[in-house]
2 protein chains.
Amino acid sequence: MDELQRDRTITIYDIAEEAGVSPATVSRVLTGNAHVRREKRERVQELIAKYNFVPNALAKGLSNTTTKSLGIVAADIRNPFYAAVFMACEQAAERLGYTVGLFNSLGKIENEEEQIERFRQQKADAIILLGGRVDDLVTHTAFAEHVREICRSTPVVVTGKLDRTPCYNVRIDASNAMRQLMEHLFELGHERIALVGGRLDVTSTYEKYQTYSSMLHARGIRESGDYVVNGGYDYQSGYEGMNRLLKLKARPTAVVAINDFAATGILRSVVEHGLSIPGDISVVSFDNTYLSELSIPKLTTTDYDYDYFGRMIAETAIAAAEGRDPAPETRIETTLIVRESSGPAPGTGGHPSGTARKQKRGAITGA
Amino acid sequence: MDELQRDRTITIYDIAEEAGVSPATVSRVLTGNAHVRREKRERVQELIAKYNFVPNALAKGLSNTTTKSLGIVAADIRNPFYAAVFMACEQAAERLGYTVGLFNSLGKIENEEEQIERFRQQKADAIILLGGRVDDLVTHTAFAEHVREICRSTPVVVTGKLDRTPCYNVRIDASNAMRQLMEHLFELGHERIALVGGRLDVTSTYEKYQTYSSMLHARGIRESGDYVVNGGYDYQSGYEGMNRLLKLKARPTAVVAINDFAATGILRSVVEHGLSIPGDISVVSFDNTYLSELSIPKLTTTDYDYDYFGRMIAETAIAAAEGRDPAPETRIETTLIVRESSGPAPGTGGHPSGTARKQKRGAITGA
DNA sequence: CGTTTGTTTGTAACCGGTTTCATGATATCG
DNA sequence: CGATATCATGAAACCGGTTACAAACAAACG
C-alpha cells in the first residue's frame, strides 16, 4: 500500500462549475426528470463519465425521503433456508432498484432490537424480519412493543406471525406442507409416525404440529406423546430426538423432521443403529434446501419456490415503502418432493419387509 | 393495516426547541464529544428517550466523512463457506460499531461491478469482496481496472488474490491446507490420490493443485493426469468427477475434494458404485463447513477458524477505512480435522483389506 | 405585434446532522 | 484583583444532493 492517497470526492458542484452550468442543472441531468437543453446535458454527461462521478447516496437520501434500501434481519444466514430466502429477496429487491443491509440476530432478541434500531437510523425504507423472535407464538411483550413502535415509522415485513402488530406477513403455508407429508406417508401405509425437532412456541412449528395431530385423529390413529420429540432446528436435535425414538419398544416406521437439518441428524442416528432408510424407517422433512439433495439417501421434503417467496417479501416491503398498499398477508404454497428417504411401511403391501427388501440405489444401510 | 399513517420523523431541531437549547447543543449531547452543562444534558436526554429519537444516519454520514458501514460482495451466500465467513465478518464489524450491506454476485462480473458501484454511492467506508471474480488468476483486465479505480476512493479487502491492485488481502493458506490433507493420506498409506473439482484459473485452486503436484513428486509418485478432474465447486462436480474416476482401471484409493460440497457429490457417486468409504476409498476435503459433520460418513477436512478469518477481514477493512494502516496481506492458518471419511489405503498395514474390513460406526456401504 | 404557453435555467431553501468560531460565564492562579 | 485558562453555548457554515420559485427566453396564436 504505497500511495494511500485517496482521491478527493467530486460533487455536482465540481461538475457544474466545469460545465459552466448551475448545480441544479447537473442534478436535473442526473435525475432526468426535467428538461435540460441537449447541448448542456451532453456536456454534463461527458464530465460525469470523465470523472467517474457517482452521486452521493447519503445526500440523495437526505434530500429525498427515500433511500431505496431495505434492512433485513435474519436469524442465521448459515441456515440454508434463510440463505435461500435472503438471496431470493435480495435479488428481487435489486431488480426493483433497492439495496439490502443484512444482519444476523442469531436468535438473540437484543441483537434483533439493536439492529432494527440501526436500520431505522439508516432510514431503510422498510425492514424485513426473517425468522427469529418474530416467530414466537408467545411473543415477548417487550419485543412486540418495540416492533409496534418501529411500525409507526417504517413498514415491517415478517415471515413469522407477529400478532397484534401492524406488520406485513409473508409466510409458508406450514400447515399444508405438513398435510402433504402426512398424506404421502399414509399412502405408503405408515401409521406410527413421529415428529422430531422444533419448538412448539414457534408459530410454524405449532401449525405443523396441529396438522400432524388432526390428521392422525382423522385417520383414527391414536396420537402417542412419545412420538413427538421437540427440540431445536439443527442436526443435533434430529440426532438426539431420533436416538430417543429408537429406544422405544414400538418404534415409529416414519419420522417427520422439522427441517432438513434435523433430518440429517435423524439419518445419522438411524444409520448408527444399523437400520435402513427407507427400508426400516422413512424420513421426510420440510424446506427442500440443498441438504435434501446432498444427503444419502436424498430426502423427501416440501419445496417452496424460494424465488417467489423472496420476491413476495421484497415486493411487499417495497410496495409498503412506496405507499402502495400491499396485501397484509401472503401465503406461500408448498410442493411435495418425493425422493429416496421415504418408502412403504415395513410389513405392508407386496414388498419384502424390513431390511431384507430390495433397496433402491443409494439407500443406506448400517454396518 | 388500518392506520398507515406513519409518524413524522423528529429531528434534533425538535428536541432543541422543546429543550430550549440550540441544535448544536443537542448534537453535542449525542456525540458526547463536548461539554454540556449537566442540567441541559439531562433535559435533552429525557426528550430523546421520550420521543424515541434516533439520529438520522444519512445526515450524520453526510456531515462526517464516515458512514460506519462496510459493503460486502459475496459470490453466493448460500454456500456455507461464504455464509460462515460473512457471518463472522458481520459479527466482528458489528462489535466495532459498523454495519454491513450484502450483495450476492452469483459470480457474475457485471453484478459485482454494479454492486461495488452501489456501495461507492452509499459511501461505504470500505468494500469487501468474498470470492467471486477476484479469485481469478487471469483477472479480467477490465474488472481489475475497475477495482483499481475503486481503490482510489475506498479501501478494498479481498479474500482472493487480485494482482496489481492496491487491495488488502486476507486469505486461507490453501497450500498448507492441501499439505495437511496430503500428509494425512500419505500416513494412511495412500499413493493413488485424485483431486476432484475446482477450476485452475481460481487462485486458491491453483495453489492447491501446485502443492498436490509437488508433494506427489517429493514422494516419488508419478502424477497421473487422469487423477486430476477439474470442474466446479458444487455437488454435481464432485458427483460427475468421481463417476469418471471410478471408470478407470486403476482407480484411486483416495480423493481430495475441492470443498465439502464436491465431497458430498463424491460420496454419492461412491455409494452408488457399491463401494465403501473409507474401506475402499478415502475422501477428504477443504473448508469444514457443517456439511462435513452432516454427511455420512463425516468428512475429514481442513478447518479455518472462521471467527478469526471474519475478524481479520473486518478489522483490516475498518483499519484501512480509519486511516490506520493494516497489513496488506494476512494468511489464515488451517487445521486438519480427521473424521470418518479417511482410513488406511486398502491392502496396507494389518487391517483386513477393502470392503471386508471391520467398519467404523457410521461408515457407509453401497447396496 | 401583444399575449399565452412552454422550455431552460439559476437562485436559494431544504433535508438533518456536525463543527468552527466567537462570545460570555467560571474557575484558577500569581 | 486582574490575567489567563477552561467551560458552555449559540449562530452559521458545511456535507452533497433535490426542488420550488422566479425569471428569461422562445415559439405559437389570434
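Note on naming: letters A, B, ... go to the chains in the order of the sequence lines (proteins, then strands), and numbering restarts at 1 for each one. Keep in mind it's a predicted model, so treat the numbers as computed, not measured.
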Taking atom [atom2] of [N] as reference, at what distance in whole Å does atom [atom1] of [X] sit?
X	N	atom1	atom2	result
A/E39	D/dA26	CD	P	14 Å
B/D14	C/dC15	CG	P	10 Å
B/I10	C/dC15	CD1	P	14 Å
A/N56	D/dG16	CG	C1'	6 Å
A/K68	D/dG17	NZ	C1'	16 Å
B/N33	C/dG17	CG	P	15 Å
A/R8	D/dC15	CZ	P	10 Å
A/I12	C/dA12	CD1	C1'	13 Å

[X]-[Y] side chain donor-acceptor pair, cut-off 3.5 Å:
X	Y	value
B/N52	A/E149	yes
B/D125	B/T66	yes
B/Q122	A/T99	yes
B/H146	B/E112	no

Could you go through nucleotides 8-14 of chain D and list every protein N or O atom that sits under 3.5 Å from one of its N or O atoms, giving the distance for each pair?
| from | atom 1 | to | atom 2 | distance (Å) |
| --- | --- | --- | --- | --- |
| D/dA8 | OP2 | B/H35 | ND1 | 3.3 |
| D/dT9 | OP1 | B/K40 | NZ | 3.3 |
| D/dT9 | OP2 | B/R37 | N | 2.5 |
| D/dG10 | OP2 | B/S22 | N | 3.0 |
| D/dG10 | OP2 | B/S22 | OG | 2.9 |
| D/dG10 | OP2 | B/T25 | OG1 | 2.4 |
| D/dG10 | N7 | B/R28 | NH1 | 3.3 |
| D/dG10 | O6 | B/R28 | NH2 | 2.6 |

Between the main-chain N or O of A/F81 and the side-chain N or O of A/N79, is there a donor-acceptor pair closer than 3.5 Å?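 Here the side-chain-to-backbone pair exists.
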Would the distance check show the side chain of A/T31 and the main-chain N or O of A/S27 forming a donor-acceptor pair, the cut-off being under 3.5 Å?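 At least one qualifying donor-acceptor pair exists.
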Check every strand shown and say whether B/T11 touches a base, only sugar-phosphate, or nothing at a heavy-atom separation below 4.0 Å.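 Result for B/T11 = sugar-phosphate.
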For a quick check of understanding: with a heavy-atom distance under 4.0 Å over all strands, which category does A/T65 fall into, base, sugar-phosphate or nothing?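 Nothing, no heavy atom under 4.0 Å.
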